[in-house]
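Working notes, structure below.
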2 protein chains.
Amino acid sequence: MIDLAILGLLTEQDLHGYELKKRLGELLSGRASISFGSLYPALARLEAQDHVRAVEQRTAVPITPMTGSLAGELSAFKARVRESSIAKVGGRGKKVYSITEAGRGRLVELMTNPDLSDDRAFTLRVAFARHLDPSSRLELFERRRTELLGRRDALGRRAASRRQDRYLGALQERDADHLANDLAWLDRLIDIERTPTMQSTEESS
Amino acid sequence: MIDLAILGLLTEQDLHGYELKKRLGELLSGRASISFGSLYPALARLEAQDHVRAVEQRTAVPITPMTGSLAGELSAFKARVRESSIAKVGGRGKKVYSITEAGRGRLVELMTNPDLSDDRAFTLRVAFARHLDPSSRLELFERRRTELLGRRDALGRRAASRRQDRYLGALQERDADHLANDLAWLDRLIDIERTPTMQSTEESS
DNA sequence: GGATGACGTATCGAATCGATGTAACGAACA
DNA sequence: TGTTCGTTACATCGATTCGATACGTCATCC
């Protein structure tokens with residue numbers, strides 16, 4: 001869900017499209033970035049739904065200090081052209097997006113809805129978990145835990161029933177390891193979440 | 001790449017669409033199955049490219065032995081209708097697909113092309129690895145290893161540079177664990193692949 | 001002066017998803 | 001006896017997403 005990604009990022013600060021893509025790329029550790037082909041339509045969609053609002057912004061170019069030279073004149077001319085053609089084809093101002101109140105509501109929905117199965121959506125929710133209240137956060141982790149336990153059972157049943165070739169077996173082994181890893185990781189998160197000790201000292205480390 | 005999945009499965013035996021989806025679902029351990037909305041168009045595409053061939057097949061219904069009863073007559077009538085309307089809306093014969101020679105060539109392409117980044121495609125390649133000759137198989141594993149090493153470096157650089165909140169840190173930790181896991185797993189596979197000992201005894205275990 | 005690459009918005013066609021429709025048939029069960 | 005449910009099976013729809021491409025500015029390096 002690209003909406004979750006966009007709204008989550010915009011909660012922290014206003015951003016334009018290009019920057020959104022960059023941030024998301026590093027947030028999700030390189031892989032699983034989003035493409036412009038989905039980003040810009042999604043932004044338009046969100047704007048139409050009044051979940052975000054766009055502000056056209058001139059490139060913060062310092063209007064090239066007047067030197068009297070030809071180059072200066074030319075630069076000023078270009079700036080005027082830029083200024084006037086905004087509505088036409090893009091005028092090269094960035095469009096900076098900010099989240100609206102409705103958008104914040106939508107984000108809460110996306111963060112807390114009980115969709116267990118989508119791994120990428122879960123990752124995004126964790127990435128933005130600091131915007132969640134502690135109880136929702138705990139609930140998120142525990143529901144995820146249930147989901148993973150279900151998967152482990154299914155995997156165990158499959159492994160028991162079928163006798164397969166070497167490579168399929170290796171894949172199942174890999175899946176089992178990942179699952180065990182994720183469960184241990186989740187348990188650690190849940191533990192931390194349950195311990196009532198200082199949440200606020202974290203920043204000062 | 002759905003083509004890879006379909007061609008890989010059809011290499012082993014002829015199948016119809018519904019069965020294809022089921023097999024793929026268990027092959028990929030529940031998650032990451034494919035939808036009908038992509039399966040049937042993909043089959044049509046592959047048939048148009050002559051990579052697979054479809055054979056319409058009546059349901060192996062035993063033509064309802066004549067009882068003379070009304071029910072029997074009705075049943076026979078239905079069977080006749082079924083028989084005649086095959087070309088119309090589907091007549092409820094399954095379409096069984098088999099792979100063609102061209103399809104086998106395409107499969108080799110898909111299995112050996114140096115696309116490193118797509119995790120799902122890699123998983124599929126491992127699932128069908130037994131159809132690969134040993135040297136291609138080893139190459140596949142080693143290229144994947146290089147890819148994962150690259151990701152680990154990128155992740156390390158990110159972790160070193162940025163100071164983040166608790167949850168982003170946890171995500172990076174999880175990624176690092178997965179990466180380490182996968183690398184160890186790959187190394188095991190590569191080791192086995194390199195050991196020249198009996199490949200054929202495997203089946204007899 | 002000319003190439004290269006970062007920044008930035010945007011669209012196009014194709015691939016894919018998720019939901020839904022249609023239909024046959026066996027089993028459950030009341 | 002009929003009716004309702006789950007499974008098998010093919011197919012299409014609209015929406016979402018991807019990957020490639022286009023267009024344009026600006027700075028840097030050679």
Worksheet item: What nucleotide, of C:dA10, D:dC18, D:dT12, holds the atom closest to the side chain of B:Y40?
Response: D:dT12
Item to complete: Please tell me which of the listed nucleotides, D:dC18, C:dA10, C:dA15, lies nearest to the side chain of A:Y97?
Response: C:dA10
Worksheet, complete the sentence: Atom CG of A:L39 and atom P of D:dA20 are separated, to the nearest Å, by 17 Å
Worksheet entry | Length of the CD-C1' vector between A:Q49 and D:dT16, whole Å | 13 Å
Practice prompt. Rounded off to whole Å, could you give me the CE-to-P distance for the A:M1 and C:dG18 pair?
Written response: 11 Å
Discussion item. If you assign each of B:A42 and B:F36 to its closest nucleotide in DNA chain C, which residue comes earlier from the 5' end?
Written reply: B:A42
Worksheet item: D:dT17 C1' sits how many Å from B:R120 CZ, rounded?
Response: 13 Å
Worksheet, complete the sentence: B:I6 CD1 to C:dA15 P, in whole Å, measures 12 Å
Practice prompt. Tell me yes or no: between the side chains of A:D182 and B:H178, is some donor less than 3.5 Å from an acceptor?
Written response: yes
Item to complete: Output the single nucleotide from D:dC10, D:dT17, C:dA15 whose closest atom is nearest the side chain of B:K94.
Response: D:dC10
Fill in: B:R174 side chain to A:T123 side chain, donor-acceptor N/O pair below 3.5 angstrom
yes
Fill in: 5' priority, DNA chain D, between B:K22 and B:G37 [closest heavy atom]
B:K22
Fill in: Close side-chain approach of B:L43 to B:L20, heavy-atom, < 4.5 Å
yes
Practice prompt. Would you indicate, yes or no, if D:dT17 has its OP1 or OP2 atom less than 4.0 angstrom from a side-chain nitrogen or oxygen of A:R45?
Written response: yes
Discussion item. With a cut-off of less than 4.0 Å, is there a side-chain N or O of B:Y18 near OP1 or OP2 of D:dC10?
Written reply: no
Response to the item:
Separation of C:dT11 atom C1' from A:L43 atom CG, nearest Å, is 14 Å
Practice prompt. Would you mind reading off the distance between A:I2 atom CD1 and C:dC17 atom P, rounded to a whole angstrom?
Written response: 17 Å
Item to complete: Could you please name the option among D:dC18, C:dT11, C:dC7 that lies closest to any side-chain atom of A:P41?
Response: C:dT11
Worksheet entry | Pair A:D119 + A:R144, salt bridge at N-O below 4.0 Å | yes
Fill in: Nucleotide D:dT7, atom P - distance to NE2 of B:H16 in whole Å
15 Å
Practice prompt. Taking all non-hydrogen atoms of both residues into account, name the closest pair between B:A42 and B:I2 and its distance.
Written response: CB-CG2, 3.6 Å
Worksheet item: Counting only side-chain N and O atoms of A:K21, is one of them less than 4.0 Å from OP1 or OP2 of C:dC7?
Response: no
Worksheet item: So which nucleotide from C:dA10, D:dC10, D:dG19 ends up closest to the side chain of A:S35?
Response: D:dG19
